[in-house]
**Q** 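Provided herewith is a single structure, encoded as structure tokens, for subsequent inquiry.
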Protein chains: 2
Amino acid sequence: MSKRTVALLKEHGINPSSQRVRIYDYLVATEDHPTVDDIYAELQREGHLFSRATVYNTVNLFLKKGLIRAVRVEAKEMRFDASPGFHAHFKCESCGSVLDIPMDEPIPDDPDGLEYHGTSVIFSGLCRDCQKRKHSG
Amino acid sequence: MSKRTVALLKEHGINPSSQRVRIYDYLVATEDHPTVDDIYAELQREGHLFSRATVYNTVNLFLKKGLIRAVRVEAKEMRFDASPGFHAHFKCESCGSVLDIPMDEPIPDDPDGLEYHGTSVIFSGLCRDCQKRKHSG
DNA sequence: TTATGACTTTATAATCATTATAAAGTCATA
DNA sequence: TATGACTTTATAATGATTATAAAGTCATAA
Ligand SMILES: [Mn+2]
Ligand SMILES: [Mn+2]
Ligand SMILES: [Zn+2]
Ligand SMILES: [Zn+2]
């Protein structure tokens with residue numbers, strides 16, 4: 001029950017219920033870019049009795065309030081990210097893990113007068129462990 | 001029934017059935033990054049009687065053979081792209097259209113020894129028409 | 001205290017794009 | 001014309017997400 005999280009949620013106009021605080025704390029603690037089911041499974045493991053619907057409601061609220069971002073590395077698989085600042089992502093095609101890739105936000109030289117709101121950069125390939133596994137296996 | 005398409009499909013190890021040729025021709029002719037349903041609707045409009053399953057089978061075959069690429073600008077919405085060479089995409093949040101954005105492929109300075117296979121860059125915002133509509137409406 | 005009402009959580013059903021399965025059709029070749 | 005490989009098709013299954021509505025929580029006012 002982090003005081004800092006309670007304050008942060010309030011700053012974003014979010015009533016800090018215990019479920020919301022716990023979910024946000026988990027999101028900032030992990031670097032795994034978890035799915036809703038990952039979050040739900042972790043909360044259960046810790047003995048909390050949240051429903052999956054609450055996890056969906058909560059991450060959607062966080063998204064709407066701009067507290068977290070969605071990362072779509074697969075169709076049918078929405079992941080969530082509480083890290084601040086722009087960065088790219090790398091999805092390992094073999095083990096499925098999603099890593100942060102520090103990078104400046106690319107800016108197109110745009111002749112078309114488009115209005116840019118957001119940028120998503122996703123690389124795919126093989127992580128180091130999976131490269132090793134490929135050689136040895 | 002483009003001769004060029006027949007040859008191209010053969011080069012990629014794809015038996016050029018009339019359905020496959022027609023679907024590929026449509027993909028190269030449009031710049032809309034159509035979904036399976038867009039493709040299906042267009043074929044119907046032209047009087048062809050393909051099933052949706054054939055469209056799914058065909059685009060999945062094209063993907064596997066490296067003939068086209070998938071563009072995922074939304075979860076739950078797989079779009080297809082036959083344009084060659086790397087380019088980014090822009091998704092208008094208002095009208096939903098997906099535009100090509102010419103751009104060099106970003107390359108991270110990577111300390112981690114990852115093996116990169118592919119890159120996806122997606123911008124979002126408002127296209128020009130929707131900016132105008134916003135002002136006038 | 002009790003009532004009120006706004007908000008939150010929950011169980012459950014609905015949606016819907018995609019995949020899986022298996023039957024039917026096509027076509028070259030023996 | 002029989003065989004078998006491939007292709008298309010109809011249909012069912014999958015599964016992540018959203019929608020809906022009931023139940024629970026909690027502060028505040030009468
Ligand atoms: Mn991240
Ligand atoms: Mn494109
Ligand atoms: Zn890996
Ligand atoms: Zn637009």
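Protein chains get the first letters and strands the later ones, always in sequence-line order, with residue 1 at the start of each.
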**Q** Mark yes when over 12 heavy atoms from residues, nucleotides or ligands other than A:E31 sit less than 6.0 Å from its CD; otherwise mark no.
**A**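 12 or below, so no.
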**Q** Is the shortest side-chain N/O distance from B:R52 to OP1 or OP2 of D:dT11 below 4.0 Å?
**A**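 Answer no for this pair, as no side-chain N or O of B:R52 is under 4.0 Å from OP1 or OP2.
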**Q** I need the NZ-P distance between B:K64 and C:dT19, as an integer number of Å.
**A**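 Answer to the nearest Å: 13 Å.
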**Q** Specify the separation, in whole Å, of atom OH of A:Y40 and atom C1' of C:dT9.
**A**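 Between C1' of C:dT9 and OH of A:Y40: 13 Å.
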**Q** Think A:N60 has a side-chain N or O under 4.0 angstrom from the OP1 or OP2 of D:dT17?
**A**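 The answer is no; no side-chain N or O of A:N60 sits under 4.0 Å from OP1 or OP2.
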**Q** Under 4.0 Å between any heavy atoms, over every strand shown, what does B:L49 touch: base, sugar-phosphate, or nothing? Just pick one.
**A**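 Contact class for B:L49: sugar-phosphate only.
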**Q** Figure out the CG/P separation between B:D37 and C:dT18, and round it to whole Å.
**A**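 The distance from CG of B:D37 to P of C:dT18 comes to 8 Å, rounded to the nearest Å.
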**Q** Distance check needed: C:dT15 C1' versus B:E77 CD, whole Å only.
**A**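 Spelled out: CD on B:E77 to C1' on C:dT15 is 15 Å.
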**Q** Could you check whether A:N57 gets within reach of a base, just the sugar-phosphate, or nothing at all, counting any heavy atom under 4.0 Å?
**A**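 If one applies the 4.0 Å heavy-atom cut-off, A:N57 turns out to touch a base.
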**Q** Searching all strands shown, indicate the nucleotide that pairs with D:dT11 (Watson-Crick or G-U wobble; both distances under 3.5 Å).
**A**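 The base-pairing partner of D:dT11, which may sit in any strand shown, is C:dA20.
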**Q** Run A:F90 and B:Y116 through ring-ring contact (aromatic ring centres under 6.0 Å, His included) and show every step you take.
**A** CA-CA 9 Å; A:F90 178 93; B:Y116 291 84; 5.3 Å; yes
**Q** Now, which nucleotide makes the Watson-Crick or G-U wobble pair with C:dT26, with each of the two distances under 3.5 Å?
**A**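 D:dA5 - that is the nucleotide pairing with C:dT26, both distances being under 3.5 Å.
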**Q** Is a salt bridge present between A:E46 and A:R22, judged by a nitrogen-to-oxygen distance below 4.0 Å?
**A**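 Salt bridge present between A:E46 and A:R22.
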**Q** Between A:H48 (NE2) and C:dT9 (C1'), how many Å, whole number?
**A**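 In whole Å, C:dT9 C1' and A:H48 NE2 are 15 Å from each other.
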**Q** Give a yes or no on whether a salt bridge exists between B:R79 and B:D32, defined as a side-chain N under 4.0 angstrom from a carboxylate O.
**A**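 Looking at B:D32 together with B:R79, the answer is no, because their closest N to O distance does not fall below 4.0 Å.
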**Q** Looking at D:dT9, I'd like to know if its phosphate oxygens (OP1 or OP2) sit under 4.0 Å from a side-chain N or O belonging to B:T54.
**A**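 The answer is yes; a side-chain N or O of B:T54 sits under 4.0 Å from OP1 or OP2.
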**Q** Once you apply a heavy-atom cut-off of 4.0 Å, does A:I14 come out as touching a base, just sugar-phosphate, or nothing?
**A**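 Nothing: the residue A:I14, judged by heavy atoms under 4.0 Å, touches no strand.
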**Q** Would you mind telling me which of D:dT7, C:dA11, D:dT17 lies closest to the side-chain atoms of A:Y56?
**A**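 The nucleotide sitting nearest to the side chain is D:dT17.
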**Q** Is it the case that the side chains of A:S83 and A:D81 hold a donor-acceptor pair, with the cut-off being a distance below 3.5 Å and no angle test?
**A**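 Their side chains do contain a donor-acceptor pair, which is all the 3.5 Å distance test asks for.
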**Q** Measure from CZ on B:F50 to P on C:dG25 and round the result to the nearest Å.
**A**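 After rounding, the gap between these two atoms is 18 Å.
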**Q** Just compare D:dT9, C:dT10, D:dT17 and give me whichever is closest to any side-chain atom of B:Q19.
**A**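 Looking only at heavy atoms from C-beta outward on B:Q19, the closest nucleotide is D:dT9.
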**Q** Nearest to the B:A53 side chain among D:dT9, C:dT10, D:dT8, which nucleotide is it?
**A**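 The nucleotide sitting nearest to the side chain is D:dT9.
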**Q** Starting from C1' on D:dT17, measure out to CG on A:D38 and report it in whole angstrom.
**A**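 Taking CG of A:D38 and C1' of D:dT17, I get 15 Å after rounding.
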**Q** Rounded to whole Å, please give me the gap between CG in B:N15 and P in D:dG4.
**A**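 After rounding, the gap between these two atoms is 20 Å.
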